[in-house]
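Scroll down for the structure; my scribbles are underneath it.
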Amino acid sequence: MKKIAVIGAGYVGLVTAACLAQKNNIVTVIERDLQKITSLLNGKVPFYEPGLDHLIISAIQTKHLIFVNNITQALDDEPEVIFSCVGTPSQEDGSADLSYVWNAAIEIGQSLKNYALIINKSTVPVGTAQQVKKLIQAELDKRQSSVNFSVASNPEFLKEGDAVNDFLMPDRIIVGVDCERAQRLLTDLYYPFLSHGAPLVSMSIASAELTKYASNAMLATRISFMNQMALLADALGADINEVKKGMALDKRIGGAFLNAGIGYGGSCFPKDVKALVLMGTSTGQRMSLVEEVDRVNELQKQAFISRILKHYNNTIANKKIGIWGLAFKPETDDIRCAPAIDIINKLLSLGAHVIAYDPVAMSNMQALFKNAVTFTQTADDVLKQVDCLVVLTEWQEFLHVDFEKFTVLKDNVVFDGRNCYPPEQLAHYGITHVTMGRQHASCAEVNRPFAIGSKAVTASAM
Ligand SMILES: NC(=O)c1ccc[n+]([C@@H]2O[C@H](COP(=O)([O-])OP(=O)(O)OC[C@H]3O[C@@H](n4cnc5c(N)ncnc54)[C@H](O)[C@@H]3O)[C@@H](O)[C@H]2O)c1
């Protein structure tokens with residue numbers, strides 16, 4: 001059992017705090033947004049993350065989780081470990097805005113009373129931990145304090161929508177350390193999370209910081225690669241889903257992050273890809289491949305809009321366009337950099353009326369678009385009011401729709417930004433189905449064996 005402080009009650013901070021509290025540690029969460037604190041003190045998680053509210057409520061009840069709104073108050077309790085989980089959003093030029101990281105470090109230096117390991121969990125450029133160390137030391141020097149401390153890097157790999165499971169059962173824990181004491185503390189801390197056999201990988205602080213960017217950039221690269229391949233598939237008469245299936249069976253490639261669509265979004269990939277490009281530029285090592293990943297991602301949204309415009313001969317003024325899905329991916333209400341934002345803005349600028357529904361992200365979008373977009377209570381309510389449907393997030397609710405419902409669409413067309421539906425089924429109901437890379441998906445009833453051998457399967461069964 002350790003006394004731990006976690007700075008920032010966002011997606012990473014709250015999940016970290018709740019999971020560490022579940023393992024019997026006493027965790028104080030510091031959040032400076034008073035609205036978030038009030039909500040948490042009432043046992044309410046300020047965002048949608050499956051399973052998190054349950055963990056938080058039980059940890060509050062057992063007094064393993066405490067919420068305060070300033071670092072000084074938390075450090076009065078002399079925690080041995082301090083996690084920094086503040087945001088690192090993109091600046092205008094694409095570089096990471098580290099002001100929250102610096103402020104947290106300064107506040108720690110101003111109040112630190114005993115030895116502590118300061119663990120940076122935010123995604124930060126290489127060199128940040130060194131700078132954090134200097135800032136804390138400068139504050140200690142100012143008050144002539146001889147308190148010892150260590151700084152480590154421990155990037156977080158959880159994914160929103162399944163964050164609790166990812167934290168409780170990680171693929172791996174990466175720790176960047178430069179002293180044995182930090183290594184020991186981190187090993188003790190994470191021991192209860194490794195019983196399923198995941199490794200704790202120890203490396204230099206710089207390598208740990210870069211590992212996070214390299215991982216996100218690799219995943220983003222796979223997405224952009226498949227998105228560009230999808231446009232080529234349409235141009236050449238192939239079906240990107242069949243291509244994907246053929247590729248994914250190669251063990252060296254695998255199937256993750258190969259779904260073509262309208263591009264990645266969220267609070268991590270867009271900003272981390274841009275920050276990695278900037279890290280390259282600042283060291284004179286241009287990351288041209290990563291630059292292209294970002295550019296392809298932007299172009300993909302335009303390619304989708306072009307398909308809508310092509311269908312309507314370039315005029316969508318006064319069209320009533322229904323949107324299913326606003327969050328950047330299913331199982332989250334996070335709309336940061338969601339492709340839906342750019343796509344809706346474009347549709348509105350071209351004079352269309354937008355009527356939208358999302359199972360959990362609507363209030364966040366409503367705060368952004370106000371009255372410019374009409375929001376409905378249910379997915380069915382959208383269908384009744386619109387000329388066509390645009391699907392932007394592959395929520396389960398949308399995947400399992402009865403396709404006959406699409407027949408109420410006045411223009412009989414579904415623009416499927418996530419390749420959610422089988423083209424032959426929509427064709428059966430007379431619906432035009434515009435996809436990303438599946439325009440040449442076979443609508444004929446041909447049951448071709450996809451692989452010959454003991455595990456012969458049809459492509460559509462995979
Ligand atoms: N969201 C994800 O899926 C995810 C996954 C892995 C890594 N990350 C990285 O983790 C970091 C945090 O991401 P997030 O999505 O949790 O951010 P977030 O914006 O949801 O949360 C950050 C929180 O920190 C609080 N904060 C900032 N400065 C503070 C201070 N001095 N004292 C107290 N509270 C303070 C903010 O008010 C905010 O609530 C980022 O660097 C991000 O790139 C995020």
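Note that this is a predicted model, so its numbers are computed, not measured. As the structure lists them, so they are numbered: ligands from 1, and atoms in each ligand from 1.
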### Message
Quick test of your reading: applying ring pair (Phe, Tyr, Trp, His ring centres under 6.0 Å), list the pairs with at least one residue in residues 147-179, sequence neighbours left out, ordered by first then second residue.
### Response
F167-F193
### Query
In a check of side chain to side chain contact (heavy atoms under 4.5 Å, CB included) between D272 and each of L219, N216, V277, which one passes?
N216
### Query
Between F375 and Y357, is the gap from one ring center to the other below 6.0 Å?
no
List of N/O pairs, ligand 1 versus protein, all under 3.5 Å?
from     : atom 1 : to   : atom 2 : distance (Å)
ligand 1 : 1 (N)  : E160 : OE2    : 2.8
ligand 1 : 3 (O)  : E160 : OE2    : 3.2
ligand 1 : 15 (O) : R336 : NH2    : 3.0
ligand 1 : 16 (O) : Y11  : N      : 3.0
ligand 1 : 16 (O) : V12  : N      : 2.9
ligand 1 : 19 (O) : R336 : NH1    : 3.4
ligand 1 : 31 (N) : E107 : OE2    : 3.4
ligand 1 : 34 (N) : R32  : N      : 3.4
ligand 1 : 37 (O) : E31  : OE2    : 2.6
ligand 1 : 39 (O) : E31  : OE1    : 2.6
ligand 1 : 39 (O) : E31  : OE2    : 3.2
ligand 1 : 39 (O) : K36  : NZ     : 2.6
ligand 1 : 41 (O) : T88  : OG1    : 2.6
ligand 1 : 41 (O) : T123 : N      : 2.9
ligand 1 : 43 (O) : T123 : OG1    : 3.4
ligand 1 : 43 (O) : K271 : NZ     : 2.6

### Message
Which residues pass the side chain to side chain contact (heavy atoms under 4.5 Å, CB included) test with D162, not counting sequence neighbours?
### Response
K159, N165, D166
### Query
Does Q396 have any side chain to side chain donor-acceptor pair (under 3.5 Å) partners at least two apart in sequence or in another chain, and if so, which?
H400
### Task
Look at the rings of Y421 and H433 and say which category their plane angle falls in: under 30° parallel, 30 to 60° tilted, over 60° perpendicular.
tilted
